[in-house]
Amino acid sequence: MRVKVQLVSQINFVIIRITMYQTKKILREKIEDRLKLEWPVTAEDIELTSTPDEKLGDLALSLAFPLARKLRTNPRTIAARAVELLSGLEGVERIEVAGGGYINLFLDRQSFFDQKFKNLDRSGLEPEEKKIIVEHTNINPNKAAHVGHLRNACLGDTLARCLRYKGEQVEVQNYIDDTGVQVVDVVFGLIELEKKTLAELEKMTDKFDYYCWDLYTRVSRYLADHESARNRKAEILKKIEHGQSPEADYAYFVSRRILRAHLATMSRLDITYDVLPCESSILRLKFWEKAFARLKEAGAIYYSTEGETAGCWVMKLEDNEEREKIIVRSDGTLTYVGKDIAYQLWKFGLLGQDFYYEPFATTGDRTIWISSGEPTDYDVHFGGGSQVYNVIDVRQSYLQKVVVQGLRALGYKQEAAKSIHFSYEMVALSPRSLSEIKVELSDEDKERTFVEVSGRKGLGVKADDLIDRLEEKALAEVDKRNPDLKEAAKKLIASQIAGSAVRYFMLKYARNSLIVFDFDEALNFEGETGPYLQYTAVRLKSIFRKFEEKKGMTGQELFTKVADSQFDLSQLKPEEARDFWELVVYGSLLDEEVLRAIATLEFAGLAKFTFNLCQKINGYYHRYSVLAEQNEKLKTFRLKTIYFAHQRLNQALDLLGIQVPDKM
RNA sequence: GCGCCCGUAGCUCAGUUGGAUAGAGCGUCUGACUACGAAUCAGAAGGCCGCAGGUUCGAGCCCUGCCGGGCGCACCA
């Protein structure tokens, strides 16, 4: 079932962005001012890191080590002098030398607490780009989506969320290759093997993407075995590229129908798009011709007259003079790279031309627009970004380099530098998962410890199958714990749990790490998983629900309206003071984690951070009862503490695309 | 052959861009539900960080070589 889900982002936590990022920023400047009077230090030398243990301090400087080398003296001497120079720093309680020369800072907790909990909306994060384009998903519209596509979409969607959190304007594009060879294969199958008319296809109601998944595999095998059929395939390709033919009508029908299936699959994970640029529109509007003329003019490509590439337009590779990449084939047709160069130019607004658009679908209150080669009634525009992320797996690194080289050759140095290939490793299948989906392996594949997902071979775990299984399992768990809920509510919750499981699973691995997909791991709801994070947030939510029921006051009202001076940190027992502090400091690191994630294009750290935050939260309220606390001041203090943690967690979960139900 | 990536606990993986005692989850073993929700929490065991050199105050991280595995190098995308 497809459940329309609400975006979590708009409601609760618009205001609260308590962050260590800003504290560090201010401290760094002050430290630099003081130290540079005596030593040759710059802002970059002053890196405030966390200490390995809370007892050692809150923030650490290791600059004594490199400085000692430069000044030919002892790190401890430097550190000791630095402590003198930094004495009385605002917001810092004391400074100590530790180890071989670490300078450890202990923040003034009361003032950090007071200040941070008052200045709620000062994050210190600022946008740097005019507009950022994130291209992801990009599934050939000829078959069902599989787990490999899910990794791509989860990474791309999370990147977009992080960039938006930072304050950037983000446009999410999903490129649709509706005239490519993969669609051609399925059209060939429908016409030549299945002998289906368009009218018959339109009557097919269920799982068209699954039907095409099988058909595509059959066609691939058929074409491998029947060389004579390849002429017919080539003919279909040309007709589809040219448009205005029965074959093109099939391609249009297939690609749109499958595209809708993909969008439905992705919406199950709360993933959506702004615009769907189609290859057919690029061809119709002759984007390539413009790019072609410019590439020729700039001498970026040339007509080859000898060797294997005779009769083709080719590009020499910058890093390897020996090699050349064919851009236009000897029969005059365009390779994928050629189209991609034109597309990349358009993304930066360098083509001097835009697509036409029309609405294709809506998710929530957002419209998804699709490109058109013909004028429409809608005055909307896309593209024209100042920075572009292409989320594409690592196997296409070489082609991405060629695209960027094309931009550089045209003199667009800036845009070339701002073209970022977000590469990631593929998803492969374990032998066990293969036996679960009952596929037969070639003898060669049987020797391997894992097998690459392949749409052509039909080797893959379909995205909807995985999500279905997760929902089924989640529904059973929800039913067990909340038997009184209505059926629709249970299903909605199950879908949210399934989504969180998929998303966390796809994000927890570093992008360079190959995922060998295993059902047992993906279906796990305990430990470091999406549902664990969700569960933590749900329990916090219910604490505040109960609080509101009793007191008629929301957590936010308590947090923002009840004065901080009511409670003095020194009244806490040392153990609780420590646990409180650890939770607050850790929670305040979120913004830095987001910036790091963007800088390194690595979300595993953000996922792990969120998980660790959950562990700390669970531990905290396990040790200190909140609503049952008799001392009202202490109770208020604890409520505010977990409210803060709750908000930070909600923000982190929103970035990971994980939704928080009321119960689960 | 050339290029890129990976090798860390029994398994799956982190490791903050060279910093303090290498961390999680799963699995195994102990313990905690008359509940602010046990999808949880507390604890234990488990490591020549593939191997060998080098760089330096300091290396899982950087350099070189080797071993093992993967992916690219199409007139496919």
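Per chain, numbering begins at 1; letters A, B, ... match sequence-line order. The shown structure was predicted, so the numbers you read here are calculated from the model rather than taken from an experiment.
- Across all strands shown, V183(A) has no heavy atoms under 4.0 Å from either base or sugar-phosphate atoms.
- A distance-only check finds no donor-acceptor pair linking the side chain of D393(A) to the backbone of M426(A) [under 3.5 Å].
- In this structure, F544(A) reaches neither bases nor backbone, as no heavy-atom distance under 4.0 Å exists between it and the strands shown.
- If you check every strand for non-hydrogen atoms under 4.0 Å, A428(A) touches nothing.
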Please evaluate residues Y21(A) and E593(A) with respect to the criterion side-chain hydrogen bond (donor to acceptor under 3.5 Å, both in side chains), reporting the C-alpha separation (whole Å), side-chain torsions for both, the decisive distance (0.1 Å), and the verdict. CA-CA 9 Å; Y21(A) 179 66; E593(A) 288 295 335; over 6 Å; no
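- Across all strands, F525(A) comes closer than 4.0 Å to base atoms (heavy-atom distances).
- For R481(A), a side-chain nitrogen or oxygen approaches OP1 or OP2 of rA39(B) to under 4.0 Å.
- With P as the reference atom, rG7(B) and rC62(B) are 10 Å apart, rounded to whole Å.
- In this structure, the nucleotide among rG37(B), rU56(B), rG19(B) sitting nearest to the side chain of Y102(A) is rG19(B).
- If you check every strand for non-hydrogen atoms under 4.0 Å, F547(A) touches nothing.
- For the P atoms, the distance from rA14(B) to rA9(B) is 12 Å, rounded to whole Å.
- Per the geometry, CZ belonging to R511(A) stands 15 Å off C1' belonging to rA14(B), to the nearest Å.
- Residues F580(A) and F637(A) place their aromatic rings such that the two centres sit under 6.0 Å apart.
- The distance between atom CG of L613(A) and atom P of rU40(B), rounded to the nearest whole Å, is 16 Å.
- Across all strands shown, V394(A) has no heavy atoms under 4.0 Å from either base or sugar-phosphate atoms.
- One C1' atom belongs to rG53(B), the other to rU17(B), and the distance between them is 25 Å to the nearest Å.
- Here T610(A) pairs with L533(A), L649(A), A652(A), L653(A), L656(A) under the side chain to side chain contact (heavy atoms under 4.5 Å, CB included) rule; sequence neighbours left out.
- Distances from the side chain of Q396(A) to the nucleotides rG19(B), rA39(B), rA77(B) place rA77(B) closest.
- At a threshold of 4.0 angstrom between heavy atoms, the contacts of Y624(A) include nucleobase atoms, whether or not backbone atoms are also involved.
- Rounded to whole Å, atom P of rC13(B) lies 17 Å from atom OH of Y424(A).
- For the C1' atom pair drawn from rU12(B) and rU28(B), the interatomic distance equals 16 Å after rounding to whole Å.
- Contact annotation for P52(A): base contact, defined as any heavy-atom pair under 4.0 Å involving a base atom.
- When the side-chain nitrogen and oxygen atoms of Y535(A) are compared with OP1 and OP2 of rA39(B), one or more of them lie within a distance under 4.0 Å.
- The environment of K401(A) atom NZ is sparse: at most 12 non-hydrogen atoms of other residues, nucleotides or ligands sit within 6.0 angstrom.
- For S397(A) against rC4(B), a side-chain-to-base donor-acceptor contact under 3.5 Å is absent.
- Below 30°, between 30° and 60°, or above 60°: for Y643(A) and F544(A) the angle between ring planes is above 60°, a perpendicular geometry.
- Distance H622(A) NE2 to rA32(B) P: 12 Å, rounded to the nearest Å.
- In this structure, D520(A) atom CG and rG25(B) atom C1' are separated by 15 Å, rounded to whole Å.
- Checking the phosphate oxygens (OP1, OP2) of rU40(B), no side-chain nitrogen or oxygen of Y620(A) falls inside 4.0 Å.
- A gap of 31 Å separates the P atoms of rG69(B) and rG27(B), to the nearest Å.
- Regarding contacts with the backbone of rU17(B), every side-chain N or O of T600(A) stays at 4.0 angstrom or more from both OP1 and OP2.
- Looking at the side chain of N618(A), the nearest of the listed nucleotides rA24(B), rA20(B), rC41(B) is rC41(B).
- Among the heavy atoms of the strands, none lies under 4.0 Å from V328(A).
- A tilted orientation is assigned to the rings of F188(A) and Y222(A), their planes being inclined by 30° to 60°.
- Atom CZ of R69(A) and atom P of rG19(B) are 13 Å apart (whole Å).
- The C312(A) side chain lies nearest to rC75(B) when the options are rC75(B), rU12(B), rA77(B).
- When rounded to the nearest whole Å, the span between CG of L533(A) and P of rG25(B) equals 13 Å.
- Along RNA chain B, the nucleotide nearest to G99(A) and the one nearest to F611(A) differ in position, and the one closer to the 5' end is contacted by G99(A).
- Counting non-hydrogen atoms under 4.0 angstrom, L514(A) reaches the backbone sugars and phosphates but no base.
- In this structure, CD1 of I515(A) is placed 16 Å from C1' of rC71(B), rounded to the nearest angstrom.
- Residue M426(A) places its side chain closer to rC71(B) than to any other of rC75(B), rC71(B), rA77(B).
- Residue contacts for R76(A): at a heavy-atom cut-off of 4.0 Å it reaches no nucleic acid atom on any strand shown.
- For S513(A), counting side-chain heavy atoms from C-beta on, the closest listed nucleotide (rC13(B), rG70(B), rU16(B)) is rC13(B).
- Closest approach to the N482(A) side chain among rA20(B), rG37(B), rA24(B) is made by rG37(B) (side chain taken as heavy atoms from C-beta onward).
- Between W288(A) and F292(A), the two ring planes are parallel [angle under 30°; tilted spans 30° to 60°].
- Close to rC73(B), at under 4.0 Å from its OP1 or OP2, lies no side-chain N or O of K401(A).
- In the set rA39(B), rA38(B), rG19(B), the nucleotide with an atom closest to the side chain of R539(A) is rA38(B).
- Salt-bridge formation is detected for the pair E436(A)/R469(A): a Lys NZ or Arg NE/NH1/NH2 atom is positioned less than 4.0 Å from an Asp or Glu carboxylate oxygen.
- Checked against side chain to side chain contact (heavy atoms under 4.5 Å, CB included), D177(A) has the following partners two or more places apart in sequence or in another chain: N140(A), Y175(A), T179(A), E279(A).
- When distances run from any side-chain atom of F65(A) to the nucleotides rU12(B), rG72(B), rG19(B), the shortest one goes to rG19(B).
- Across all strands shown, A310(A) has heavy atoms under 4.0 Å from base atoms, whether or not it also approaches the sugar-phosphate.
- Evaluation of atom-type donor-acceptor distances gives a pair under 3.5 Å for the side chain of N104(A) against the base of rA20(B).
- For RNA chain B, runs of at least 3 consecutive pairs of the Watson-Crick or G-U wobble type, with both hydrogen-bonding distances under 3.5 angstrom, map to B:1-7 with B:67-73, B:10-13 with B:23-26, B:28-32 with B:40-44, B:50-54 with B:62-66.
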Between Y509(A) and Y424(A), is the ring-ring contact (aromatic ring centres under 6.0 Å, His included) condition met? List the steps. CA-CA 10 Å; Y509(A) 301 94; Y424(A) 63 93; over 10 Å; no
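- Here the side chain of Q615(A) is nearest to one of rC57(B), rA24(B), rC75(B), namely rA24(B).
- At the heavy-atom level, D53(A) lies nowhere under 4.0 Å from the strands shown.
- If you check every strand for non-hydrogen atoms under 4.0 Å, N140(A) touches sugar and phosphate atoms only.
- A tilted orientation is assigned to the rings of H149(A) and H262(A), their planes being inclined by 30° to 60°.
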